[in-house]
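Read through the structure below, which is laid out as structure tokens, and then see the notes.
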Amino acid sequence: MIGADYFARDAASLAHDLIGATLLFHGVGGVIVETEAYDQEDPASHSFRGPTPRNAAMFGPAGHAYVYRSYGVHWCFNIVCGPGPTGQAVLVRALEPTQGLAAMQGRRGLADPRLLCAGPGRLCQALGLSREHDGLPLTRPPFHLLPAHGRPPVLAGPRIGITKGVETPWRFALAGSPYLSRPARGVPLQR
DNA sequence: CCAGTGATTCTCT
DNA sequence: GAGAATCACTGGC
């Protein structure tokens, strides 16, 4: 289990290190294979224009969840980070499902493991995450976050689905994973 | 490729 | 306060 101090750093660093970590919610989840970083200087970030009711969790304690509704339909799950309330977070975009397959298949209404958690909206549906989990700490149950073993190969490239800050290479993906929301692009990173 | 979907936020009275 | 634009997406064509 990762401790609170693990999150007291910038979003790009955390987003990189989270690749290969295991995320569970009520024992259901898997290995993080895709993340994106957002911070307050970033025009694509919800925190760019300062605190609002929706993004309040981004200005709260590091190591807590920021969950928001996307396109009026889906939920997206972020991990707040930074040395204090700096408006930074990591969007968790995809998991390789490893625990609680049946629960995820039931919530998603399909069986293909590649489609259970491949995308931020799908991931939240599979794990049962929604607004009521906004602001909860990831350092305590029902969340469990376990660090990666070793140094998985990570690619860094442009983020998905944004119209501003499109050049910033803050999407991180496990190289070669078949569980990504879209194919990995970008350059290999050393850790 | 593109339509659905509705909350959120911005801008202007 | 009202009207309008903007979405950190998904699924079906």
Side-chain angles (χ1 to χ4, degrees), chain A residues 7 10-19 21 23 25 32-60 62 64-82 86-97 104-136 138 154-174 177-186:
Chain A
F7 305 98
D10 67 87
S13 167
L14 179 65
H16 181 179
D17 275 10
L18 283 173
I19 301 299
L23 172 69
F25 181 63
I32 298 173
V33 296
E34 183 179 345
T35 59
E36 287 179 357
Y38 291 88
D39 75 15
Q40 197 170 2
E41 275 68 60
D42 168 16
S45 174
H46 290 176
S47 61
F48 182 61
R49 295 171 194 278
T52 66
R54 175 177 68 164
N55 69 18
M58 282 190 80
F59 292 92
H64 288 228
Y66 166 44
V67 182
Y68 71 92
R69 204 139 155 86
S70 174
Y71 288 86
V73 206
H74 314 287
W75 299 99
C76 292
F77 170 78
N78 298 253
I79 299 176
V80 178
C81 62
T86 49
Q88 303 186 57
V90 174
L91 172 68
V92 182
R93 290 190 54 91
L95 304 180
E96 173 183 342
M104 293 190 272
Q105 288 165 331
R107 291 194 191 105
R108 292 274 297 124
L110 50 80
D112 185 347
R114 294 188 182 212
L115 295 177
L116 290 180
C117 301
R122 293 164 168 176
L123 183 160
C124 283
Q125 185 181 24
L127 269 58
L129 289 165
S130 63
R131 162 126 299 159
E132 61 205 274
H133 312 296
D134 186 39
L136 293 185
L138 302 175
V154 176
L155 294 178
R159 294 172 291 180
I160 308 287
I162 55 172
T163 59
K164 300 168 194 159
V166 292
E167 296 305 317
T168 308
W170 276 1
R171 175 184 183 230
F172 301 89
L174 179 63
S177 172
Y179 299 97
L180 303 174
S181 67
R182 311 183 47 168
R185 297 180 41 211

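Keep in mind it's a predicted model, so treat the numbers as computed, not measured. All values below come from the heavy atoms of this structure, side chains included, with hydrogens, waters and symmetry mates left out. The chains referred to below are lettered A, B, ... by the order of the sequence lines, with proteins before strands, and numbering in each begins at 1.
When the P atom of dC9(C) is taken as reference, atom CG of L91(A) falls 7 Å away, rounded to whole Å. For H46(A) and dA7(B), the NE2 to P distance is 16 Å, given to the nearest whole Å. For the pair H74(A) NE2 and dA7(B) C1', the computed distance is 13 Å after rounding to whole Å. As rounded to whole Å, 6 Å separates atom P of dA8(C) from atom OH of Y68(A). Distance R107(A) CZ to dT10(C) P: 17 Å, rounded to the nearest Å. Distance I79(A) CD1 to dA8(C) P: 19 Å, rounded to the nearest Å. Between R69(A) atom CZ and dC7(C) atom C1' there is a gap of 14 Å when expressed in whole angstrom units. Look at CG on L180(A): it is 13 Å from P on dT10(C), rounded to the nearest Å.
Using modelled atom types, no side-chain atom of R54(A) and backbone atom of R69(A) make a donor-acceptor pair closer than 3.5 Å. Side-chain atoms of E96(A) never come within 3.5 Å of backbone atoms of V33(A) as a donor-acceptor pair (strictly under, hydrogens ignored).
Dashed line: the shortest gap from a side-chain N or O of R182(A) to OP1 or OP2 of dC9(C) is not under 4.0 Å. A close approach under 4.0 Å does not occur between any side-chain nitrogen or oxygen of R49(A) and OP1 or OP2 of dC7(C). One finds a side-chain N or O of T163(A) lying less than 4.0 angstrom from the OP1 or OP2 phosphate oxygen of dC7(C).
Using a 4.0 Å heavy-atom distance criterion, R171(A) is classed as making no nucleic acid contact.
Shown are R182(A), R171(A), R185(A); of these, the salt bridge (charged side-chain N to carboxylate O under 4.0 Å, His left out) with E34(A) is made only by R171(A).
Across all strands shown, dG3(C) forms a Watson-Crick or G-U wobble pair, both distances under 3.5 Å, with dC10(B).
Each of G72(A) and T52(A) was assigned the nucleotide of DNA chain B with the nearest heavy atom; the assignment lying further toward the 5' end belongs to G72(A).
By the criterion of a centre-to-centre distance under 5.5 Å and near-parallel planes under 30°, the ring of Y71(A) forms no stack with the base of dT10(C).
Out of dC9(C), dG11(C), dT9(B), the shortest distance to the side chain of C76(A) is found at dC9(C). Ranking dA8(C), dA7(B), dC7(C) by closeness to the K164(A) side chain, first place goes to dC7(C). Candidate nucleotides dT10(C), dA8(C), dC7(C) were compared by shortest atom distance to the side chain of R122(A), and dT10(C) ranks first. The R54(A) side chain lies nearest to dT9(B) when the options are dT9(B), dC9(C), dA8(C).
The aromatic rings of H133(A) and F25(A) stand perpendicular to each other, their planes meeting at an angle above 60°, with 30° marking the opposite boundary.
Inter-residue side-chain proximity for R93(A) and L123(A) is flagged as unmet; no heavy-atom pair is nearer than 4.5 Å.
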